Asks: 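Just dropping this structure here.
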Amino acid sequence: MGVWLGLLGMSAVAACVDARRQEIPNRLSLVAAGVGGVLLMLHVLPWTRLLWAAATWGLYEIVLWRQPEAVGWGDVKWATVIMGYLGGSGLLVLFLADALRLGWSTVRWWRHGRQGRWRDAGAPWAPGAFVGVMVWGLWRWP
């Protein structure tokens, strides 16, 4: 439960910064990765979480090669951190983050009079990741 609370707190910071500046600071990603590394070394998290994190990074790399502005690099780093902490069950968090970003960008596009292309509207990703981490924790520990 402590791991989840720590991830929830760091995700809250990422969400606030991302909502204001549309970026997730590298410092926050490095701190989260460092804490995750310590938890791996102390055997609090299983080593298989590294495989999930690496696979997430690789898949987002492919997405960014095919559609360069689909997500930002901060989003990729934070998605990798989330999968490093939560493993396969973190897919729920990534799904919610992407779904909420899509909804937010659709509302923004609609409110601006549907000017320009819909897919170019954009929205921050980390607030959705924060909601996803919260839902994951509440679902996991009732």
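Just so it is clear, the structure is predicted and the values come from calculations on it, not from any experiment.
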Asks: Report whether Y85 and W139 are members of the same hydrophobic cluster (ILVMFWY, side-chain heavy atoms less than 4.5 Å apart, transitive linking).
Replies: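 Linked within one cluster.
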Asks: Shared ILVMFWY cluster between L42 and W47, side chains joined below 4.5 angstrom?
Replies: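 Yes; W47 is reachable from L42 via cluster members.
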Asks: Mind checking whether L30 and L28 sit in one hydrophobic cluster, side chains of I, L, V, M, F, W, Y counted as touching below 4.5 Å?
Replies: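 No: no chain of side-chain contacts under 4.5 Å links L30 to L28.
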Asks: So do Y60 and T80 actually touch side chain to side chain, heavy atoms under 4.5 Å?
Replies: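 Result no, sub-4.5 Å side-chain heavy-atom pair not found.
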Asks: Please check if V107 and W110 belong to a single hydrophobic cluster, counting links between Ile, Leu, Val, Met, Phe, Trp and Tyr side chain heavy atoms closer than 4.5 Å.
Replies: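 Not linked; separate clusters.
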Asks: Looking at S105 and A123, what are the two nearest heavy atoms and their distance?
Replies: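 Heavy atoms of S105 and A123 come nearest at N-CB, 3.6 Å.
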Asks: For a quick test of reading the model, state the closest non-hydrogen atom pair linking G36 to L45 and the distance between them.
Replies: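 Here G36 and L45 meet closest at O-CD1, 4.2 Å.
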Asks: Would you say that L64 contacts W73 through its side chain, given a criterion of any heavy-atom pair below 4.5 Å between the two side chains?
Replies: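 The answer is yes, as the side chains (C-beta and beyond) meet within the 4.5 Å cut-off.
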Asks: Which atoms form the tightest heavy-atom contact between V81 and A33, and what is the distance?
Replies: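 What the structure gives for the nearest pair is CG2-N, 4.4 Å.
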Asks: Check for me, please, whether M41 and L50 land in the same ILVMFWY cluster - side-chain distances under 4.5 Å, paths through other members count.
Replies: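 Unlinked, M41 and L50 end up in two clusters.
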Asks: Output side-chain donor-acceptor pairs under 3.5 Å for residues 8-17, partner residues at least two apart or in another chain, one line each.
Replies:
| unit_1 | atom_1 | unit_2 | atom_2 | d |
| --- | --- | --- | --- | --- |
| S11 | OG | L7 | O | 2.9 |
| S11 | OG | W78 | NE1 | 3.4 |

Asks: Cut-off 3.5 Å, no hydrogens considered: what does the side-chain donor-acceptor table look like for residues 87-102, sequence neighbours left out?
Replies:
| unit_1 | atom_1 | unit_2 | atom_2 | d |
| --- | --- | --- | --- | --- |
| S89 | OG | L86 | O | 3.0 |
| S89 | OG | W136 | NE1 | 2.9 |
| D98 | OD1 | W125 | NE1 | 2.7 |

Asks: State, to 0.1 Å, how close P124 and A19 come at their nearest heavy-atom pair, and which atoms those are.
Replies: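 What the structure gives for the nearest pair is CG-CA, 4.0 Å.
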Asks: May I have the step-by-step check of side chain to side chain contact (heavy atoms under 4.5 Å, CB included) for T56 and I82, ending in yes or no?
Replies: CA-CA 9 Å; T56 301; I82 287 170; over 6 Å; no
